[in-house]
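In this text, all values refer to a predicted model and were calculated from it rather than measured experimentally. Numbering of ligands and ligand atoms starts at 1, following listing order.
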Amino acid sequence: MHPPKPPARADRVSLLTYLRLFRRDILSAQPARLYRAWMAEFRTPFFRSYMVNDPALIRLVLNERPDDFPKSDRVGEGLRVLLGQSVFVTNGETWKRQRRIIDPAFEGGRLKETFPAMVAAAQAAVARMAASAWGSAGATAGMVEVEEQASHAAADVIFRTLFSIPIEHEIASAVFQEFRRYQRSQPILNLAAFLPLPRWMPRFHRRATRASAAAIRALITRLTEARAAEIAAGTAPDDLATKIMTTRDPVTGQGFTPAEMVDQVAIFFLAGHETSASALGWALYLLALDPAIQDRVAQEAAALGDAPEFSDVNRLRLTRDVFRETLRLYPPVPMLVRENRCPEEFRGRKVAKGAQVVLSPWHLHRHERLWAEPDAFDPDRWGGEAARVSAREAYMPFSAGPRVCTGAGFAMVEGVLLLAMLVRAFRFGRIAGADPMPVAHLTVRAKDGIRLKVTPR
Ligand code: HEM
């Protein structure tokens, strides 16, 4: 079964057309040959960029010499007003120090301690799904926009695990609402983030974007200040925020200042909820497309009680394979951008210093020379040797190397748990004519949301 894939553009287009397409959606702005090529060069008067699909080159950039391929300053351009100096946008020593403080909070052992908060969020997600399918007057009975539900659930997970508060908490829900406004107000983000526009070009962060970012940061500041006071008083809950705010960098002995913590919380919220929500929404859609697999997932999930234990998640093998396959077909972060600090030679081609090196999970995961049936939804492939070989070479939904997603382990537990709990409670059905089309904004989302028919099991 082949779920929706954006149409590719013609092989040759003018720069203006390219920019226009790019602004609308990075995925449909690319030609089909990128699903076959090992490398492609984009030349424009303003910039050169190289998309790299060759596994050896990807390893070079992410694993072997990551310090020579830092994140480009421009990547953070559209996000900086929100994220400040957060770990997602920094480089070099600042970034290394930040990771030394953050990483311990996401280690395996901590994940187990975080798990009850995830379960509480999953139970709330099930209740919210039921309410939106049948509860509110005016809603078409049983029709639900599941992306929105997934966003709500993922934001809930973040607030509960980070600050021990549910999404209904006054500040949590204000951050969530404000964040939606922020996304709506900054359509230029794609372009500013990926293309090194010439310096003279106005990089307008619209006034609404700035105001939204400031409002989000003010709300987060209230949370971190309250937490700092609780830590000082010895009354702080044992959650991720407390862990991060009390960890000292083993090298310098310094922890985060309150201002730095605001930057980090902003990225945990952004990186942790948009991405997981995107994956969960697509996973539900893929299961709606394939009722036989959905029934098998439901059977597996039936063994879970209402309040699963951490060890139960390990037994959800098929659910995990569905989630993996979803991350392959719809990687929430479709492309990563780096900049080379020194002149390089890639596959015999000279790459000047300062070029953009684009690594594309989107293309790599659907690469015709690296995957069998790349566009098919087939979770069972993950049980076979061929997929394991492909995955080693060509699967990186969380990136790789030292800059790998800090939340990868967290997301794999959260995603599998939410998916299992939802499919255990409901049957998700496709609505004819309402299939979603993927577009890449901050993450890979459906152009007009994902509407599914939801019935109780
Ligand atoms: C399915 C869910 C997720 C996906 C697919 C995902 C994917 C990614 C990817 C691809 C990157 C690297 C971006 C780049 O290098 O340009 C990244 C970085 C990051 N992610 Fe995730 N992520 C997910 C969930 C989470 C969660 C739940 C958290 C935290 C609670 C999180 C926190 C971060 C942080 C802090 C970084 C920056 C790491 C660094 O630059 O050192 N992510 N994520």
Exercise for the section: Using distance alone, determine whether S276 and ligand 1 share an N or O pair under 3.5 Å. Expected result: no
Exercise for the section: Mind checking whether M335 contacts ligand 1 via backbone (N, CA, C, O), side chain (CB onward), both or neither, at a 4.0 Å heavy-atom cut-off? Expected result: neither
Handout entry: Sub-4.0 Å atoms of ligand 1 with respect to non-hydrogen atoms of P332
Key = 5 (C)
Exercise for the section: Report the part of F398 (side chain from C-beta onward, or backbone N, CA, C, O) that has a heavy atom under 4.0 Å from ligand 1; answer both or neither where that applies. Expected result: both
Handout entry: K71 touching ligand 1 at heavy-atom level, < 4.0 angstrom
Key = yes
For a quick test of your reading: what N or O donor-acceptor pairs under 3.5 Å do the side chains of residues 278-288 make, sequence neighbours left out?
residue, atom, partner, partner atom, Å
S278, OG, V444, O, 2.8
W282, NE1, V444, O, 3.3
Y285, OH, D435, OD1, 2.8

Problem - Distance under 6.0 Å and angle within 45° of ring axis: R366 vs Y330 - result: yes
Completion exercise
A student comparing A105, C405, S278 should find that the heavy atom closest to atom 22 (N) of ligand 1 comes from C405
Handout entry: Ligand-side contact atoms (ligand 1) for residue partner P397, heavy atom cut-off under 4.0 Å
Key = 5 (C), 7 (C), 10 (C)
Handout entry: Residue part near ligand 1, for R99, under 4.0 Å between non-hydrogen atoms
Key = side chain
Handout entry: F176 side chain near D156 side chain, heavy-atom distance below 4.5 Å
Key = no
Handout entry: For F410, the ligand 1 atoms whose distance to one of its heavy atoms is below 4.0 Å
Key = 27 (C)
Problem - Cation-aromatic face contact K71/F88, 6.0 Å, 45 degrees - result: yes
Handout entry: Salt bridge E393-R59, side-chain N to carboxylate O under 4.0 Å
Key = yes
Practice task
Determine, stepwise, if the pair R110 / D238 fulfils salt bridge (Lys or Arg N to Asp or Glu O under 4.0 Å).
Solution key: CA-CA 10 Å; R110 291 298 297 188; D238 183 21; 3.3 Å; yes
Handout entry: Those atoms of ligand 1 less than 4.0 Å from some heavy atom in R403
Key = 39 (C), 40 (O), 41 (O)
Practice task
Return the set of residues passing side-chain contact (heavy atoms from CB on, under 4.5 Å) with T252 (not counting sequence neighbours), or none when no residue passes.
Solution key: R97, R100, D249, Q254
Practice task
Kindly confirm or rule out an N or O of W95 lying under 3.5 angstrom from an N or O of ligand 1.
Solution key: yes
Handout entry: Atom indices of ligand 1, in the order listed, that fall short of 4.0 Å to a heavy atom of R338
Key = 14 (C), 15 (O), 16 (O)
Problem - Cationic N near anionic O, under 4.0 Å, D67 to R341 - result: no
Exercise for the section: Could you pull out, from L336, L359, L280, T443, the option with a heavy atom nearest to atom 13 (C) of ligand 1? Expected result: L336
Handout entry: Location of contacts on V333 toward ligand 1, heavy atoms closer than 4.0 Å
Key = side chain
Completion exercise
The answer for which part of I158 has a heavy atom under 4.0 Å from ligand 1 is side chain
Practice task
Within a distance under 4.0 Å of any heavy atom of S399, pick out the atoms of ligand 1 and give their elements.
Solution key: 10 (C), 12 (C)
Handout entry: Per-atom contacts of ligand 1 with G272, taking only distances under 4.0 Å to non-hydrogen atoms
Key = 25 (C), 26 (C), 27 (C), 28 (C)
Exercise for the section: Verify whether the ring centers belonging to F159 and F268 lie closer than 6.0 Å. Expected result: no
Handout entry: Side-chain donor/acceptor of R320 to backbone N/O of N314, under 3.5 Å
Key = yes
Exercise for the section: Number the atoms of ligand 1 from 1 as they appear, then name those within less than 4.0 Å of a heavy atom of T406, with their elements. Expected result: 32 (C), 33 (C), 34 (C), 35 (C), 36 (C)
Problem - Electrostatic pair R317:E300 at N-O distance under 4.0 angstrom - result: no
